[in-house]
Amino acid sequence: MMERYGIEWEHLGTHEKHLSVLDYKKQEREKEVAALGAKIEQKQIEFDVLSERVLNYDKAKDELSNLEIELDTAPKYQLPEPEKFMTAKAYKTKMAEPVVRKLKQLVKTVLARCFEGWDNYHRLNTANAQLYRTNQRLEKVNERLTEENKILKAENKDYSLLRKVFGRKQIDDLLEQARTVKGRKRDNTRSR
């Protein structure tokens, strides 16, 4: 018994080094909020990447508009007037076939870019939907944690008020008694 009281006496001044339950919960919530902040930062990076893709899509759209104008007005895509005394066969080989080859190559390039654009668009929509769902989940978790933090702050104020009114020693003694009772109950349930 003396040894037990001696140990308690040795630890008598260390109760302030230990966190109260409310402080512990508050620290855990702060860790969760920090983890959520890291997730939000990661999602922001993903959003920036997707925004860049959207800008690239807009640039490609503008390039297609410019290409359409160029097809209508650029001399290299227009059939020139035949020279004097030129046969139809000569006109076809010298004038029409080079323009047709350029147009065929242009159509192939445009189709390849178009399919690439559609693929990127669908990927962008999929990623955007995932980000939206993740963001909604994070908002709900953040709301819950914010509410818990408000409750913990209020409980911490109440706890501080009790310490002021009843004194630190009396509150610490009550907490120690409660911990001891809880420990005994836990030990009793384990021994059964």
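Using a 4.5 Å heavy-atom cutoff, the side chains of Lys182 and Lys185 are not in contact. Side-chain contact between Met95 and Met86 is present, with heavy atoms from C-beta onward closer than 4.5 Å. Contact of the Leu152 side chain with the Glu155 side chain is registered, since non-hydrogen atoms from C-beta on lie closer than 4.5 Å. In this structure, the side chains of Asp48 and Glu52 stay at 4.5 Å or more apart for every pair of heavy atoms. Residues Leu162 and Asp158 fail the side-chain proximity criterion, which asks for heavy atoms closer than 4.5 Å. Taking 4.5 Å as the limit, every side-chain heavy atom of Ser160 sits out of range of all side-chain heavy atoms of Lys157.
Atom-to-atom distance recorded for Ile45:CD1 and Gln42:CD is 7.0 Å, nearest 0.5 angstrom. In this structure, CG in Leu103 is found 11.5 Å from CZ in Arg101, a value given to the nearest 0.5 Å. Rounded to the nearest 0.5 Å, atoms CG (Leu161) and CZ (Phe166) are 9.0 Å apart.
Residue Lys39 places its NZ atom among 12 or fewer non-hydrogen atoms of other residues, nucleotides or ligands, all under 6.0 Å distant. The environment of OH in Tyr159 is crowded: more than 12 heavy-atom neighbours from other residues, nucleotides or ligands sit within 6.0 Å. Other residues, nucleotides and ligands contribute more than 12 heavy atoms inside 6.0 Å of the CD atom of Gln136.
Nearest heavy atom pair, residue Arg29 against residue Asn149, reads CB-OD1, 3.1 Å. The two residues Asp172 and Arg163 come nearest to each other via the heavy atoms OD1-NH2, 2.6 Å. Taking each heavy atom of Leu50 and Leu131 in turn, the nearest pair found is CD1-CD1, 3.2 Å.
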Problem set entry | Step-by-step side chain to side chain contact (heavy atoms under 4.5 Å, CB included) determination, Glu46 to Thr134 | CA-CA 12 Å; Glu46 290 177 20; Thr134 302; over 6 Å; no

For this session: Quick one: do Trp118 and Tyr121 satisfy ring pair (Phe, Tyr, Trp, His ring centres under 6.0 Å)? Show the steps, please.
Result: CA-CA 5 Å; Trp118 284 335; Tyr121 175 75; 9.7 Å; no

Exercise. What do the steps show when you test Lys150 against Lys153 for side chain to side chain contact (heavy atoms under 4.5 Å, CB included), and what is the final call?
Worked result: CA-CA 5 Å; Lys150 286 179 186 176; Lys153 284 179 183 178; 5.8 Å; no

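Comment: Arg144 does not engage Glu147 in a salt bridge, judged by the lack of any side-chain N to carboxylate O separation of less than 4.0 angstrom. A salt bridge does not link Lys25 to Glu148: none of the charged nitrogens lies less than 4.0 Å from a carboxylate oxygen.
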